[in-house]
Protein chains: 2
Amino acid sequence: MSARQVELIELAESLIENFGLEAFSLGNLAKKANIRTPSLYKHFSSLMELEHIIISRGFLRFAKDLNHVIETAASDSDEDNIAALAAAYRAHALAHPQIYRLMTERPLDRALLIPGSELAAMDALLQYFDETPEQHDRARAAWAAAHGLVSLEISGRFPPGANIAGAWGVFIEAFSR
Amino acid sequence: MSARQVELIELAESLIENFGLEAFSLGNLAKKANIRTPSLYKHFSSLMELEHIIISRGFLRFAKDLNHVIETAASDSDEDNIAALAAAYRAHALAHPQIYRLMTERPLDRALLIPGSELAAMDALLQYFDETPEQHDRARAAWAAAHGLVSLEISGRFPPGANIAGAWGVFIEAFSR
DNA sequence: GGCATGAGGCTAATGCTATTAGCCGAGCTG
DNA sequence: CAGCTCGGCTAATAGCATTAGCCTCATGCC
C-alpha cells in the first residue's frame with residue numbers, strides 16, 4: 001500500500017465522516033484531493049475496492065479499540081466487564097458513525113476485505129465469552145443488541161428525549177451473569 | 001393516491017424485493033412499467049417521495065403483522081409473549097428483507113412519511129410493555145436487540161453455521177420476567 | 001356536438017455517477 | 001542516455017435523478 005494510497009484513503013475517511021456516507025463518491029474524493037476523478041483509478045481498481053479497504057480499516061480500528069478497553073478494564077465483576085465492553089462499543093460507533101454505517105449497512109464482498117480484519121473485530125468482541133456453544137449464542141445476542149442500539153441511535157430512530165443510556169443499562173443488566 | 005400510483009408503488013416494492021435494494025432506481029422501475037423514466041414524475045415528485053411512501057407502507061404492514069400476532073397469541077406467560085413478538089418480528093423482517101433494509105438503513109425525512117405510520121410500527125412493538133419510564137427503557141432495549149439480530153442476519157454478518165435461533169433464544173430469555 | 005381540461009405518456013437536455021482507453025511528463029534506474 | 005514506471009490528464013460511455021416542454025386521448029361541461 002503506497003503512501004499516496006494511504007493519503008487518499010484517509011482523505012476518503014474524513015470525507016465520509018465530515019459530509020456523511022451519502023457524500024462518499026469518487027467525484028467528491030477527487031475534488032478534495034485536487035485531482036480529476038479518473039486519476040483515482042491509478043490507486044484503486046474500483047470504488048468497491050476503496051470502500052472495502054475503508055471497511056477493513058474500520059474493523060481493525062474497532063478491534064484495537066475494544067481490545068484496549070478489555071485489557072485495561074478487566075474486572076472481577078461480570079457486569080462491570082459487560083458494561084465496559086458496551087460503553088466501548090457505543091463510544092467507538094458514535095465517534096465514527098458514518099464509517100460504522102459503511103461497515104454494517106453495505107453488502108460485504110469478503111474477497112475484497114483485508115484478510116482477517118472482519119475476524120479481528122469479531123474476536124475482540126467475542127473474546128469475553130467462553131468457547132461453549134451456549135456462550136456463543138449469548139455472545140451473538142449481546143453483539144446484536146449492541147449493534148441494534150447503536151444503529152438505531154445513529155440513524156435517529158429513537159424518539160426525541162428517549163433515555164438511550166437507560167436502554168443500554170437494561171441491556172447490560174440483562175446480559176450480566 | 002390514484003390507482004396508477006398504487007400500481008407503480010407495488011411494482012417498485014416487487015422490484016426491491018426481487019432484485020435487491022441496490023436495484024431500486026427510477027430507470028429500473030420505468031423499465032418494469034414499460035414507460036420512460038421521466039413519466040414517473042407524473043406520479044411522484046421525486047425518488048425520495050416514492051421511497052418514503054414505500055417506507056411508510058412498510059411501517060404500516062409491520063404494525064398490522066405485529067398487532068395480529070399480539071392479539072391472537074396473548075398468553076399468561078411473559079416469556080411466551082416475548083417469544084411470540086420476537087418470532088413475529090424476525091418472520092416479518094425475513095419475509096421482506098430488502099424493504100426492511102430500506103425502512104431502517106436510510107436517513108429518514110419524517111415530513112415525507114405517511115403521517116402516523118412510523119408511530120404505528122413503534123406502538124405495535126412497544127404496546128406489550130407498561131407505560132413506566134423503566135419499562136420504556138426495557139422496551140427500547142428489546143426493540144434494539146431484535147433489530148440488531150435481524151439486521152445482522154439479513155446482511156449476512158453471522159458466521160456460516162452460526163446458531164441464529166439460539167441467539168434469539170438467549171435474547172428472549174434475557175428479556176423475560 | 002364541440003370544446004376545454006387534465007391525465008399520462010413522450011423526447012431532449014443537464015449535471016451527476018462509475019468506469020475505460022489512451023496520452024503525456026517527470027523522475028528513477030539500468 | 002534509454003527506458004520504464006508513477007501519477008497525472010482528457011475524452012468518451014452508460015446509467016443516475018431531474019426539469020422543460022410537447023402531444024394525445026378521454027372525460028366533463030356548455
Side-chain angles (χ1 to χ4, degrees), chain A residues 1-57 98-99 101-103 105-109 111-113, chain B residues 1-57 98-99 101-103 105-109 111-113:
Chain A
M1 202 133 60
S2 78
R4 184 64 173 133
Q5 236 174 330
V6 174
E7 226 174 279
L8 291 169
I9 291 164
E10 286 169 355
L11 209 53
E13 288 170 345
S14 85
L15 170 69
I16 292 172
E17 272 318 337
N18 292 321
F19 297 91
L21 185 52
E22 282 68 22
F24 175 41
S25 73
L26 293 181
N28 283 340
L29 177 55
K31 206 164 290 174
K32 278 202 72 169
N34 276 314
I35 58 178
R36 310 293 142 224
T37 306
S39 303
L40 291 170
Y41 286 83
K42 297 292 172 169
H43 307 281
F44 311 101
S45 72
S46 69
L47 175 68
M48 275 282 279
E49 187 192 64
L50 171 57
E51 184 180 306
H52 278 71
I53 290 173
I54 296 172
I55 292 173
S56 300
R57 286 165 55 99
Q98 299 299 319
I99 289 185
R101 288 184 59 208
L102 182 66
M103 289 161 58
E105 287 181 3
R106 303 284 175 109
L108 214 57
D109 183 345
L112 294 180
L113 291 178
Chain B
M1 202 133 58
S2 77
R4 183 66 172 132
Q5 235 174 330
V6 174
E7 223 174 282
L8 291 169
I9 291 164
E10 286 170 357
L11 208 54
E13 288 170 345
S14 85
L15 170 68
I16 292 172
E17 272 319 337
N18 292 322
F19 296 91
L21 185 51
E22 282 69 21
F24 175 40
S25 73
L26 293 182
N28 283 339
L29 176 56
K31 206 163 292 175
K32 279 201 72 169
N34 276 315
I35 58 177
R36 309 295 142 222
T37 306
S39 305
L40 291 171
Y41 286 83
K42 296 292 171 167
H43 307 281
F44 311 102
S45 71
S46 69
L47 175 67
M48 276 282 280
E49 187 192 65
L50 171 57
E51 184 180 306
H52 279 71
I53 291 172
I54 296 173
I55 292 173
S56 300
R57 286 166 54 99
Q98 299 301 318
I99 288 184
R101 287 184 58 209
L102 182 67
M103 288 160 58
E105 288 180 1
R106 302 285 175 106
L108 215 56
D109 183 346
L112 294 181
L113 290 179

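None of the values given here were measured: they were computed from a predicted structure. Naming convention: chains lettered A, B, ... in sequence-line order (proteins, then strands); numbering from 1 in each chain.
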What is the distance from [atom1] of [X] to [atom2] of [N], rounded to the nearest Å?
X: A:Asn28; N: D:dC16; atom1: CG; atom2: P; answer: 19 Å
X: A:Leu50; N: C:dT17; atom1: CG; atom2: C1'; answer: 15 Å
X: B:Leu47; N: C:dG15; atom1: CG; atom2: P; answer: 21 Å
X: B:Glu22; N: D:dC16; atom1: CD; atom2: P; answer: 13 Å
X: A:Leu26; N: D:dC16; atom1: CG; atom2: C1'; answer: 15 Å
X: B:Leu8; N: C:dG8; atom1: CG; atom2: P; answer: 9 Å
X: A:Leu29; N: D:dG7; atom1: CG; atom2: P; answer: 15 Å
X: B:Glu7; N: C:dG8; atom1: CD; atom2: C1'; answer: 12 Å

Exercise for the section: Output yes when at least one side-chain N/O atom of B:Arg36 is less than 4.0 Å from OP1 or OP2 of C:dG8, else no. Expected result: no
Exercise for the section: Taking only the side-chain nitrogens and oxygens of A:His43, find out if one of them lies under 4.0 Å from OP1 or OP2 of D:dC6. Expected result: no
Do [X] and [Y] have side-chain heavy atoms sitting under 4.5 Å apart?
X: B:Arg106; Y: B:Leu21; result: yes
X: B:Arg57; Y: B:Glu10; result: yes
X: B:Arg101; Y: A:Pro107; result: yes

Can you tell me which nucleotide in [options] comes closest to the side chain of [X]?
X: A:Lys42; options: D:dA17, D:dG8, C:dG8; answer: D:dG8
X: B:Arg4; options: D:dA17, D:dG8, C:dG9; answer: C:dG9
X: B:Pro38; options: D:dG8, C:dA12, C:dG9; answer: C:dA12

Exercise for the section: Report which part of the nucleic acid B:Thr37 touches: base, sugar-phosphate, or nothing (heavy-atom distance under 4.0 Å, all strands). Expected result: base
Practice task
Under 4.0 Å between any heavy atoms, over every strand shown, what does B:Ser39 touch: base, sugar-phosphate, or nothing? Just pick one.
Solution key: base
Exercise for the section: Could you check A:Ser25 against B:Leu40 and say which one's nearest nucleotide on DNA chain C is further toward the 5' end? Expected result: B:Leu40
Problem - Atom of B:Lys32, atom of B:Ser14 and distance for their closest heavy-atom approach - result: NZ-OG, 3.1 Å
Problem - Test log, rule side-chain contact (heavy atoms from CB on, under 4.5 Å), inputs A:Phe44 and A:Gln5 - result: CA-CA 8 Å; A:Phe44 311 101; A:Gln5 236 174 330; 3.7 Å; yes
